[in-house]
Every structure is written in structure tokens, then in C-alpha cells.
Amino acid sequence: MSSKLAAPMNGVGEFVSLGVESARELFRRPFQWRETVEQSWAIARVSLVPTLLVAIPFTVLVSFTLNILLREIGAQDLSGAGAALGTITQIGPIVTVLIVAGAGATAICADLGARTIREEIDALEVLGINPVHRLVVPRVIASTGVALLLNSLVCTIGIAGGFIFSVYLQDVNPGAFIANLTLLTGLGELVISMIKAALFGLFAGLVGCYRGLNVKGGAKGVGDAVNETVVYSFMALFVVNVVVTAVGLKATMG
């Protein structure tokens, strides 16, 4: 049993080590501004369209179901409060998880994995360049920043889509919808949602970098690493979502 647990535990230790080293290298100069901007654009480019395609159906589903329930109990004017609460606390973070893990982290893993099998990472080390400082830190920062932007976009789409769907298709009063947006959702919920998004981007970026830098087996190994990145990212990000949600509810309700 101990031998079976050795490999996973070693992997966890190496991942934590990469995270600690990344945090240390973050404050070392010179900072790689150009690489960070390029990676931010690359991640945003592969994430934007999937975000739109996933956020809109989620919004329609939640608004449709919620409005039916509210109509049955005679509280249809509270649809704005429900749409804001569902979008900011759940839909935004969940869609961010799906997109960051499925698009952003895999793009990072594929890029670094290709560099690893071409021995570019070894070449950087021979030249005295720290790959963590040069490649990992910019990608983690880019992933975190894009995750924040994606969460903001999903929240905006969710509230706007909920308004359009509720008002024009389910005859909800537009004034009541807007007036009740902040009934259940305030600054605290928005801050928690953004903290979730930042942690999602951070962990997804680290997972993608870790798997990309530890690719073995040539091109097939890169493909396997990309698939593993999706699975590991989902596992880590859903755990983070549950923990932060629980802590946030305790903080806001306490």
C-alpha cells in the first residue's frame, strides 16, 4: 500500500514545491511583462467563445426554472434577486471552473509540454535561466487575471441574460427585476465570487504548468498530460469552490 501511495504523494509534494517556488520567483526582478501579456491574450483567446457558449445556456436554464417557481408562489417580482444570487454565487464561479480548466489550463500544459519534449526547458537551465521565473510565473499570473475577467463577464452575461429572458419571455416587471437585484446579493457575495475566480485561475495555471514541465514519452505524453490536466484541474477547482463557498457563507452570515 505504501508503494502505491508513494507516487501520488510525491506528485503532490512536487506540485506544492512548484507553487512555493512560483510565489518566491514572483518578487524576483526582472518581471516578465511581455510574456505575461502574451499569455494573457493567448488564454483569453481560447476561453472567450467557450465562456459565451456555456454562460448563456446556464443563465437561461436558471432563470426559466426560478421564474416558474416564483410564479407558483406569487413572487415573480423577486426574479431579479434570484438571478443575481444564482449568477454571482454559483453560475459565475462554476462556468469559470469549466472554462479555465477545460481551455486555459490545457493550453498552458500543451505549450510547456511541447517545450519540454523539445528540450527547451533543459536548454534554459543550461543557460542559467530559471524556467519557473521565465515561464511559469507569467502563465500563472495570466491564468489568474483571465479567470477574474471571465468571472466578471459571466456575471454580466448572467444578469443581462436573466433580465432579457425574464422580462421579454416570462412577463416579469422590468422595474421590479432591477430593484430587487441587490436584495440578496451585495458586495460581500461579489468579493467572494472574485476570490473564487482568482483561486481557480491560480490553481489551474499551476496544474497546467506542473503537468507541462513533467511530460514524458514524447508527443503521446503531451496528449496524456493535457487530458490529466483537465481532470486534475476539475478536482482541485471544485474542492476550492466548496471550501471558499463554505467559508464565505460563514463570514457573510456570521
Side-chain angles (χ1 to χ4, degrees), residues 15 17-55 92-93 95-157 190-191 193-215 222 225-226 229-230 232-233 236-237 240:
F15 177 77
S17 176
L18 177 63
V20 172
E21 186 176 0
S22 299
R24 184 175 65 247
E25 292 296 324
L26 174 64
F27 300 100
R28 188 167 71 85
R29 297 294 179 263
F31 184 78
Q32 304 297 323
W33 289 106
R34 181 174 180 179
E35 183 76 11
T36 302
V37 172
E38 290 178 353
Q39 291 303 313
S40 297
W41 168 242
I43 297 173
R45 187 175 55 198
V46 301
S47 302
L48 183 58
V49 174
T51 298
L52 296 175
L53 295 178
V54 173
V95 172
T96 303
V97 166
L98 296 174
I99 303 306
V100 169
T106 54
I108 292 173
C109 179
D111 178 34
L112 291 183
R115 292 170 182 260
T116 299
I117 64 172
R118 292 197 302 263
E119 299 182 348
E120 292 182 16
I121 306 300
D122 295 335
L124 288 176
E125 293 176 344
V126 170
L127 293 172
I129 300 174
N130 189 342
V132 175
H133 177 74
R134 182 65 178 82
L135 300 175
V136 173
V137 171
R139 283 161 175 78
V140 171
I141 293 176
S143 178
T144 304
V146 171
L148 287 170
L149 294 177
L150 289 180
N151 186 61
S152 302
L153 178 62
V154 173
C155 290
T156 302
I157 292 174
L190 181 60
V191 170
S193 178
M194 299 305 287
I195 291 175
K196 285 183 184 180
L199 291 175
F200 293 160
L202 176 66
F203 276 89
L206 284 173
V207 170
C209 290
Y210 171 74
R211 291 302 299 127
L213 293 175
N214 291 276
V215 167
V222 176
V226 169
T229 297
V230 176
Y232 295 157
S233 297
L237 300 185
V240 171

Quick one: list whatever passes salt bridge (Lys or Arg N to Asp or Glu O under 4.0 Å) with Arg211, sequence neighbours left out. Glu228
Can you find a pair of side-chain heavy atoms, one from Tyr210 and one from Thr229, that are under 4.5 Å apart? no
Go through the structure and list residues passing salt bridge (Lys or Arg N to Asp or Glu O under 4.0 Å) with Arg118, not counting sequence neighbours. Glu120
Between CZ of Phe203 and OG1 of Thr144, what distance do you get to the nearest 0.5 Å? 10.0 Å
Set of side chain to side chain contact (heavy atoms under 4.5 Å, CB included) partners for Thr36, sequence neighbours left out: Phe31, Ser40, Pro138, Ile141
Set of side chain to side chain contact (heavy atoms under 4.5 Å, CB included) partners for Arg34, sequence neighbours left out: Glu38
Taking only residues at least two apart or on different chains, which pairs with a member in residues 121-133 satisfy salt bridge (Lys or Arg N to Asp or Glu O under 4.0 Å)? none
I need the minimum non-hydrogen distance between Leu135 and Arg115, along with the two atoms involved. CD2-NH1, 4.0 Å
Heavy-atom nearest pair, Pro131 first then Ile121, reads CG-CG2, 3.8 Å
Side chains of Asn151 and Lys196: does their closest heavy-atom pair fall under 4.5 Å? no
Report the residues that fulfil side chain to side chain contact (heavy atoms under 4.5 Å, CB included) with Val49, sequence neighbours left out, ordered by chain and then residue number. Leu53
Minimal non-hydrogen separation, Val215 against Gly212, with atom names: CG2-O, 3.4 Å
With Asn214, which residues qualify under side chain to side chain donor-acceptor pair (under 3.5 Å), at least two apart? none
Tell me if a side-chain donor or acceptor on Arg134 pairs with a main-chain N or O of Asn130 at a distance below 3.5 Å. no
Donor-acceptor check, side chain of His133 to backbone of Pro30, threshold 3.5 angstrom: yes or no? yes
Holding to side chain to side chain contact (heavy atoms under 4.5 Å, CB included), I want the full list of residues that pass it with Leu52, two or more places apart in sequence or in another chain. Leu153, Ile157
Could you name each residue pair satisfying salt bridge (Lys or Arg N to Asp or Glu O under 4.0 Å) that touches residues 39-53, not counting sequence neighbours? none
Donor-acceptor contact below 3.5 Å, side chain Ser143 vs main chain Arg139: no
Residue set satisfying side chain to side chain donor-acceptor pair (under 3.5 Å) with Arg28, at least two apart, ordered chain then number -> Glu25
Yes or no on side chain to side chain contact (heavy atoms under 4.5 Å, CB included) for Gln32 and Val137, after CA distance, side-chain angles and deciding distance? CA-CA 8 Å; Gln32 304 297 323; Val137 171; over 6 Å; no
Just to verify, what does Ser233 make a side chain to side chain donor-acceptor pair (under 3.5 Å) with, not counting sequence neighbours? none
Answer yes or no: is there a side-chain heavy-atom contact under 4.5 Å between Ser47 and Leu150? yes
Supply the atom-to-atom distance Ile195 CD1 to Leu190 CG, rounded to the nearest 0.5 angstrom. 10.0 Å
What pairs of donor and acceptor atoms, side-chain ones from residues 95-108 against any protein atom, are under 3.5 angstrom apart with sequence neighbours left out?
unit_1 : atom_1 : unit_2 : atom_2 : d
Thr96  : OG1    : Gly92  : O      : 2.7
Thr106 : OG1    : Gly102 : O      : 3.0
Thr106 : OG1    : Ala103 : O      : 2.9

Shortest non-hydrogen contact from Ser22 toward Leu206: OG-CD2, 3.9 Å
